[in-house]
Amino acid sequence: MSFALFPRAAIVITVAASALVSTAVFAQATAPDALIKDLSTEVIDTVKSDKAIQAGDVSKIVALVDAKVMPNVNFQRMTASAVGRHWRGATPEQQKRLQEEFKILLVRTYAGALTQVKDQTVALKPYRAAVEDTEVVVRTEIKGKGEPIQLDYRLEKTAAGWKIYDVNVLGVWLVEQYKSSFAQEIGTSGVDGLIAKLAEKNKAAAGSKG
């Protein structure tokens with residue numbers, strides 16, 4: 001079983017990560033589409049100008065993603081959705097471990113992709129949502145060399161502002177991608193088996209990338 005993401009999606013995942021960065025005030029005051037556009041542009045510009053990130057400083061990239069990206073995700077919802085029906089049967093300790101290991105997996109994925117940013121820009125597609133909507137989809141394209149790449153976001157309105165809880169990369173929703181492999185592992189080895197597999201993958205990634 002592999003938890004790898006789409007091989008062509010490194011740049012796309014980078015922009016997904018950048019779109020998650022925000023402060024609570026900014027998130028509360030900004031419409032979902034404007035939030036995605038502004039934050040994507042801001043973080044891409046930051047990465048482009050950071051010589052350490054451009055040089056591949058993994059520890060700095062991981063710290064950036066962990067501090068700026070993950071606090072602005074509804075991470076419990078994302079993890080629960082990826083685990084699926086088995087989430088409710090997991091103990092509180094198992095749920096905690098699943099969130100911890102899944103977070104590390106995504107942080108590493110985003111951090112590795114950040115080194116790939118060169119000249120990409122983000123363009124919003126037409127946005128349609130009612131003012132009273134509490135869940136929306138914001139659709140974007142990543143433009144650089146070659147054909148534009150589709151990248152969409154599911155966001156929900158919370159007391160802390162808009163939070164992203166899923167990302168569509170190249171036509172496939174991220175949570176659904178993991179849901180299939182997670183279910184397979186749980187079916188074979190149980191929830192503890194999935195936790196162990198995630199921990200193994202994360203330890204291997206940390207050892208190989210520093």
Side-chain angles (χ1 to χ4, degrees), residues 1-20 56 58-59 61-116 135 137 139 142 149-156 158 163-210:
M1 179 189 63
S2 173
F3 296 133
L5 289 179
F6 316 93
R8 295 177 49 223
I11 298 294
V12 181
I13 290 295
T14 298
V15 184
S18 70
L20 303 179
V58 175
S59 63
I61 299 170
V62 168
L64 170 67
V65 174
D66 195 31
K68 297 294 186 180
V69 177
M70 292 305 164
N72 299 284
V73 181
N74 184 337
F75 206 74
Q76 180 172 329
R77 177 171 180 175
M78 180 176 278
T79 308
S81 297
V83 174
R85 63 184 178 85
H86 301 284
W87 177 259
R88 290 186 177 181
T91 66
E93 178 60 26
Q94 287 174 325
Q95 291 180 351
K96 179 184 177 187
R97 287 293 312 284
L98 283 168
Q99 289 188 72
E100 290 172 349
E101 297 298 341
F102 193 33
K103 175 182 176 181
I104 295 170
L105 177 68
L106 292 185
V107 167
R108 283 278 170 180
T109 298
Y110 291 152
L114 284 172
T115 61
Q116 305 300 314
E135 296 197 3
V137 176
R139 305 183 188 280
I142 310 308
I149 300 174
Q150 171 190 346
L151 180 62
D152 304 331
Y153 303 86
R154 285 175 174 154
L155 300 94
E156 66 172 349
T158 73
K163 301 290 185 180
I164 295 174
Y165 65 89
D166 204 355
V167 182
N168 184 315
V169 181
L170 301 176
V172 179
W173 288 101
L174 181 64
V175 166
E176 289 300 316
Q177 171 74 3
Y178 280 118
K179 190 173 183 177
S180 176
S181 58
F182 284 9
Q184 181 181 354
E185 184 62 38
I186 291 173
T188 301
S189 307
V191 172
D192 285 336
L194 173 59
I195 294 170
K197 179 64 71 171
L198 288 170
E200 178 185 341
K201 291 280 186 181
N202 290 332
K203 184 177 181 180
S208 63
K209 298 180 181 179

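We use all heavy atoms of the structure for the numbers below, so side chains are in, but hydrogens, waters and symmetry mates are not.
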Exercise for review: For salt bridge (charged side-chain N to carboxylate O under 4.0 Å, His left out), just list the numbers for E135 and R77, CA-CA rounded to whole Å, side-chain angles, deciding distance to a tenth of an Å, and then say yes or no.
Suggested key: CA-CA 13 Å; E135 296 197 3; R77 177 171 180 175; 2.9 Å; yes
Revision key, fill the gap. One should read off an interatomic distance between Q76 CD and Q95 CD, to the nearest 0.5 angstrom, of 6.5 Å
Review point. Distance-only, no hydrogens or angles: does the D152 side chain make a donor-acceptor pair with backbone N or O of N168 under 3.5 Å?
Key: no
Point to revise | Expected output: side-chain S81 to main-chain M78 donor-acceptor under 3.5 Å | key: no
Study note, to complete from the structure: Across all chains, not counting sequence neighbours, the side-chain contact (heavy atoms from CB on, under 4.5 Å) partners of Q94 are A90, T91, V191, D192, I195
Review point. Do T158 and Y165 touch side chain to side chain, with heavy atoms closer than 4.5 Å?
Key: no
Study note, to complete from the structure: Rounding to 0.5 Å, atoms NZ (K103) and CG (N202) come to a distance of 12.0 Å
Exercise for review: If the plane angle is over 60° it's perpendicular, under 30° parallel, otherwise tilted; pick one for F75 and F102.
Suggested key: tilted
Point to revise | L105 and Y178, any side-chain heavy atoms less than 4.5 Å apart | key: yes
Review point. Nearest 0.5 Å, what's the CH2-CD1 distance between W87 and I186?
Key: 10.5 Å
Check your understanding: Taking atom CG of L198 and atom CD of Q99, what is their separation to the nearest 0.5 Å?
Key -> 12.5 Å
**Study point:** Separation between OG of S181 and CD of E176, rounded to the nearest 0.5 Å
**Key:** 11.0 Å
Practice item. Look only at the side chain of D166 and the backbone of V175, and say whether a donor-acceptor pair between them is shorter than 3.5 Å. Key: yes
Exercise for review: Search all heavy atoms of N74 against all heavy atoms of K163 and return the closest pair with its distance.
Suggested key: N-CB, 4.1 Å
**Study point:** Atom pair NZ (K179) and NE2 (H86), whose distance is rounded to the nearest 0.5 Å
**Key:** 9.5 Å
